[in-house]
Amino acid sequence: MKNKDLLGLKDLSAAEITSILDAAIPFKALLEKGDKKTNHLSGKSIVSLFYENSTRTRVSFEAAAKFMGGAFMSIQAATSSIQKGETLVDTGKNLDAMKTDVIILRHPTAGAPHLLAGNVKASVINAGDGMNEHPTQALLDIFTMREKLGNIKGKKVTIVGDIAFSRVARSNIWGLNKLGANVTVCAPKSLLPKGIEKFPCDTTIDIESALKNADIVMGLRIQTERQQGAPFPTISEYAAHFGVSESRLKIASKNVIIMHPGPVNRGVEMTSSVIDSANSVILQQVTNGVAIRMALLDILANRKEGKK
Ligand code: CP
């Protein structure tokens, strides 16, 4: 990778994305074996700094670092000196002073990882910043698509749900577009972001046209915690008009792959029968998240001194 940090997929080249995905292949193989231990991160220090809740991202980074022999420390904003008024940059500088190699940051403000990265020597990984990007999620999603389909070039990837507030959608749109997939996003008008026409994807409010011939369907959670006002009258009306169900999927590609970044709200963005179907790779995504994060920690913690 050209930079010391992973802040988003918008600014990565197709070659950089592909090299991360390829680097995760041997780590996935390692995870499938009984003994997952390696020494790739021996003597390296990794800190997760989370200002928002997380299950998958935080735990998979911790698992990845520990499998590779790194020292892993976790800071939850709610129980740290951030509560005493310490700024993000000062927190980062203190972590630098403890010789931290990689800081993994989740923050409600878009651009927070960029601010931190510009003020610390450690590599910064964006683990989700507001509505901007969640690059490791998109990398694990694309890794899973490649595992299932081989080449994703020309494949129709439909993302249905809360596009407006989704950093996962944005990172997937950038990454998938660079690798040649055709992305369609679908949501009620109130859940499409302003300026969506400038993103490299097709946009529709018609769930039938979004699902027609889709090779991959990704559901997204309705992020009520980020919304002001109600984007639709009731959750059950959203589910009735936009929920992905087995009957709706009949017009998708025969072997359509079902994905979701989690956490899922069963019966809202997807029915339970779709979430648990044979075509669902939702838990495979979670496994692949560990492999992708192992590859990234290895790349960034072991990069040569003096590179940007
Ligand atoms: N997909 C994802 O980011 O999940 P968490 O919020 O649990 O980390």
Side-chain angles (χ1 to χ4, degrees), residues 6-10 20-21 24 28 31 46-66 72-79 102-110 112-113 124-145 147 157 159-176 185 191 216-227 244 257-266 268-270 274-275 280-297:
L6 175 71
L7 302 177
L9 297 195
K10 187 179 179 191
I20 299 167
L21 299 175
K28 175 68 187 285
L31 288 176
I46 320 295
V47 174
S48 73
L49 177 56
F50 275 49
Y51 289 70
E52 282 185 355
N53 296 340
S54 168
T55 299
R56 280 146 290 270
T57 310
R58 207 203 60 74
V59 174
S60 60
F61 267 116
E62 180 166 354
K66 287 181 171 168
F72 184 90
M73 281 69 61
S74 186
I75 302 174
Q76 292 291 341
T79 54
V102 182
I103 303 172
I104 302 152
L105 176 67
R106 172 168 287 190
H107 201 284
T109 305
V124 174
I125 297 178
N126 179 0
D129 62 325
M131 298 181 285
N132 181 38
E133 284 225 38
H134 190 351
T136 62
Q137 178 67 45
L139 286 167
L140 76 87
D141 292 338
I142 299 171
F143 183 90
T144 308
M145 292 176 204
E147 249 183 359
V157 182
I159 307 177
V160 191
D162 184 347
I163 310 297
F165 295 92
S166 177
R167 52 201 180 201
V168 175
R170 285 168 177 78
S171 283
N172 266 293
I173 291 169
W174 295 123
L176 286 165
V185 296
L191 286 179
I216 295 154
V217 174
M218 183 186 296
L220 294 178
R221 186 174 65 88
I222 308 301
Q223 301 193 42
T224 44
E225 73 275 21
R226 295 191 202 280
Q227 294 162 4
V244 177
I257 295 163
I258 304 299
M259 303 183 74
H260 195 300
V264 296
N265 286 150
R266 287 175 179 267
V268 181
E269 57 266 27
M270 287 180 166
V274 170
I275 291 166
S280 168
V281 294
I282 293 171
L283 292 177
Q284 192 173 321
Q285 288 172 260
V286 178
T287 305
N288 291 339
V290 182
I292 281 289
R293 286 158 182 143
M294 289 173 88
L296 265 174
L297 289 176

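Computation of the quantities below employed the complete heavy-atom set of this structure, encompassing side-chain atoms and omitting hydrogens, waters and symmetry-equivalent molecules. From a predicted model like this one, the values you see are computed outputs, not experimental measurements. In listed order, ligands and their atoms are each counted from 1.
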Under a 4.0 Å threshold between the charged nitrogen and the carboxylate oxygen, would Arg56 count as salt-bridged to Glu62? no
Please identify which of these residues, Val102, Val124, Leu139, meets the side-chain contact (heavy atoms from CB on, under 4.5 Å) condition with Leu6. Leu139
Looking at Phe50, does the NZ or CZ of Arg106 lie under 6.0 angstrom from its six-membered ring centre and within 45 degrees of the ring axis? no
Shell of residues surrounding ligand 1, defined by a 4.0 angstrom heavy-atom cut-off that is strict: Ser54, Thr55, Arg56, Thr57, Arg106, His134, Gln137, Pro261, Gly262
Distance-only polar pair, side chains of His260 and Glu269, donor-acceptor under 3.5 Å: yes
Heavy-atom distance under 4.5 Å between the side chains of Met270 and Ile258, does that happen here? yes
Interatomic spacing from CG in Asn126 to CG in Asn132 - rounded to 0.5 Å: 7.0 Å
